Number of protein chains: 2
Amino acid sequence: MKITIEDVMHKLLQTVPRLESTVDVLRAGDPKMEVRAMATTFMATHEVIEQAAASGVNLLITHEGTFYSHMDQTDWLEHDAVYQAKQRLIEQSGIAIFRLHDGIHRYQPDGIMTGLIQALDWDKYVTEHQRVVSLLTLPAMSVKEIAEHVKRQMGISFVRVVGDPAMSCTRVGLLAGYRGGGAVAIPQFGNEALDLVIAGEGPEWETPEYVRDAMHQGKKKALILLGHAESEASGMKALAEQLAAAFPTVSVQFFANKPLFTVI
Amino acid sequence: MKITIEDVMHKLLQTVPRLESTVDVLRAGDPKMEVRAMATTFMATHEVIEQAAASGVNLLITHEGTFYSHMDQTDWLEHDAVYQAKQRLIEQSGIAIFRLHDGIHRYQPDGIMTGLIQALDWDKYVTEHQRVVSLLTLPAMSVKEIAEHVKRQMGISFVRVVGDPAMSCTRVGLLAGYRGGGAVAIPQFGNEALDLVIAGEGPEWETPEYVRDAMHQGKKKALILLGHAESEASGMKALAEQLAAAFPTVSVQFFANKPLFTVI
């Protein structure tokens with residue numbers, strides 16, 4: 001049976017209420033086009049688009065915007081050589097790019113979060129999934145032990161930590177992506193009596209400074225920042241498995257992005 | 001001669017056009033109060049406020065907001081124990097806190113930027129100060145050599161780098177604080193034919209992903225993220241020296257914040 005882009009988009013969004021405004025759009029490609037092979041990724045980088053096209057993929061599902069901003073507008077980049085080359089690659093390869101950001105975050109529970117928890121092998125510790133945060137009760141571990149566990153499970157080379165590496169934690173809040181920002185992350189510490197927040201990223205003067213003050217006041221708080229991609233890629237990898245089960249006649253791959261940062 | 005808080009605020013803002021809307025406000029203290037001793041800092045953390053009060057400082061000038069957000073509103077924190085303890089410290093110590101953020105960034109050239117350039121010992125390489133960016137032409141150095149220079153000069157333990165550490169750079173754009181975001185930083189690469197942007201911080205899916213794509217396309221681009229505090233503290237330190245010269249009868253100190261992050 002022929003599977004179209006529209007069929008896949010329908011499947012991806014079938015449990016999600018229609019949003020008034022969303023970044024989840026088909027950037028390139030015709031919804032009626034038949035899907036020969038599809039792939040998911042955290043970020044449709046130039047390299048991932050090349051890899052996907054070379055593998056015969058004609059539908060790439062990306063979590064973040066293709067062009068370096070959340071709203072993914074491109075008018076400001078019109079004369080930029082990097083934008084132009086990437087846009088040319090997209091046109092020449094004929095690949096369709098669908099963004100699944102708002103949708104997957106509205107799965108119940110959040111599809112990015114369940115992928116992250118699975119990658120951490122922490123399903124057994126989840127006590128509650130709230131709209132933006134998942135709450136876990138871990139067997140007592142130090143911040144350093146948790147950081148090492150996270151790095152090992154996810155194959156990442158560093159995390160940034162605020163707090164005492166020796167501090168023992170049990171109550172942990174997990175926040176994917178940019179939810180490390182203060183307006184989301186700071187209230188969790190008090191509302192949920194958390195020892196530790198593990199998040200993707202967020203402005204440095206917000207949650208990190210709150211944790212610094214808390215520690216100085218003798219309160220037991222810590223923060224681990226995984227990196228944005230590191231916190232969300234597992235969710236897009238898990239999505240590839242779900243799509244493979246939903247469309248057994250179509251090849252589905254996940255393309256990992258290489259690590260973005262080197263620490264020097 | 002008696003120096004009041006008002007006198008100091010006037011001096012700090014005398015070259016700056018009056019802004020319609022600004023975060024530069026006196027959070028605590030009476031403008032008519034006599035300044036016994038003053039201090040500058042990047043961030044009025046709980047610890048810095050204690051140190052300042054213990055040193056007899058009754059006017060603390062901070063670059064970032066005291067309470068974990070740019071707009072520095074506190075209604076959302078009313079029931080938060082960390083906020084309450086810090087607010088109590090401020091009231092009990094009687095210290096005045098003035099924020100100098102928008103003002104110092106509007107000095108010509110930007111006072112935070114000149115402090116940063118001085119700390120890097122790069123005054124001799126500046127070719128132009130624009131409104132948000134300072135442009136430098138360095139003797140050819142690799143990204144790694146530049147990162148090591150920056151760490152040594154500023155006494156910081158790590159920077160995050162996107163790009164090839166071995167890539168040779170001469171055209172460098174320096175962006176303090178949060179100006180590492182894509183809307184500010186990305187156009188600099190094209191407009192100014194930059195090899196390297198050195199910035200404080202910015203969202204990971206913006207400038208870092210642009211640089212990643214550029215590199216993959218064979219374009220010679222790199223990014224060094226210093227950290228927000230690391231990029232701006234030198235400017236507040238330089239300000240302490242300027243204030244000491246302007247008010248020779250009043251003691252002026254700079255309080256450094258300890259490093260915020262540990263890399264694990």
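Each chain gets a letter, A, B and so on, in the order its sequence line appears, and its residues count up from 1. This one's a predicted model, so the numbers in the text were calculated from it and none came from an experiment.
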From the list A:K258, A:Q217, A:E148, the residue making the most non-hydrogen contacts under 4.5 Å with chain B is A:Q217
Between B:H70 and A:E206: side-chain donor-acceptor atoms closer than 3.5 Å: no
With a 4.5 angstrom heavy-atom cut-off, is it the side chain or the backbone of A:K86 that approaches chain B, or both, or neither? both
Quick check: are there more than 12 heavy atoms from other residues, nucleotides or ligands sitting under 6.0 Å from NZ of A:K220? yes
If you apply the rule side chain to side chain contact (heavy atoms under 4.5 Å, CB included), what do you find for A:L77 with B:I186, and how did you get there? CA-CA 9 Å; A:L77 290 168; B:I186 290 174; 4.0 Å; yes
Which atoms of A:K151 are under 4.5 Å from chain B, going by heavy atoms: the side chain, the backbone, both sets, or neither? side chain
What heavy-atom pair brings A:A85 and B:K219 nearest, and what distance separates the two atoms? CB-NZ, 4.0 Å
Any chance the side chains of A:D213 and B:Y68 put a donor and an acceptor closer than 3.5 Å? yes
Which one of B:E50, B:K221, B:H79 has the most heavy-atom pairs closer than 4.5 Å to chain A? B:E50
Does any part of the side chain of B:E204, heavy atoms only, come nearer than 4.5 Å to the side chain of A:Y178, both counted from C-beta? no
Segment of A:D80 engaging chain B (4.5 angstrom heavy-atom cut-off): side chain
Which residue out of A:L225, A:V162, A:V159 racks up the most heavy-atom pairs below 4.5 Å with chain B? A:V159
Sub-4.5 Å side-chain heavy-atom contact between B:V82 and A:Y210: yes
Rounded to the nearest 0.5 Å, how far apart are NE2 of A:H46 and NE2 of B:H216? 5.5 Å
Heavy atoms only, distances under 4.5 angstrom: which of A:E201, A:E64, A:E47 has the most pairs with chain B? Name it, please. A:E201
A:F67/B:E209 under side chain to side chain contact (heavy atoms under 4.5 Å, CB included): CA gap, chis, key distance, verdict: CA-CA 8 Å; A:F67 291 110; B:E209 292 290 354; over 6 Å; no
Closest approach of A:P208 and B:F261, non-hydrogen atoms and distance? CG-CZ, 3.8 Å
Interface moiety of A:I224 toward chain B, non-hydrogen atoms closer than 4.5 Å: neither
Mind listing the closest non-hydrogen atom pair of A:A183 and B:W76 along with its distance? CA-CZ3, 4.1 Å
Is A:R212 in contact with chain B via its backbone, its side chain, both, or neither, using a 4.5 Å heavy-atom distance? side chain
Does A:L260 reach the side chain of B:V211, with side-chain heavy atoms less than 4.5 Å apart? no
Chain B heavy atoms under 4.5 Å from A:L89: which part of the residue, side chain, backbone, both or neither? neither
If the plane angle is over 60° it's perpendicular, under 30° parallel, otherwise tilted; pick one for B:H228 and A:W205. perpendicular
When heavy-atom pairs shorter than 4.5 Å are enumerated against chain B, which of A:G190, A:A147, A:P259, A:P203 gives the highest number? A:P203
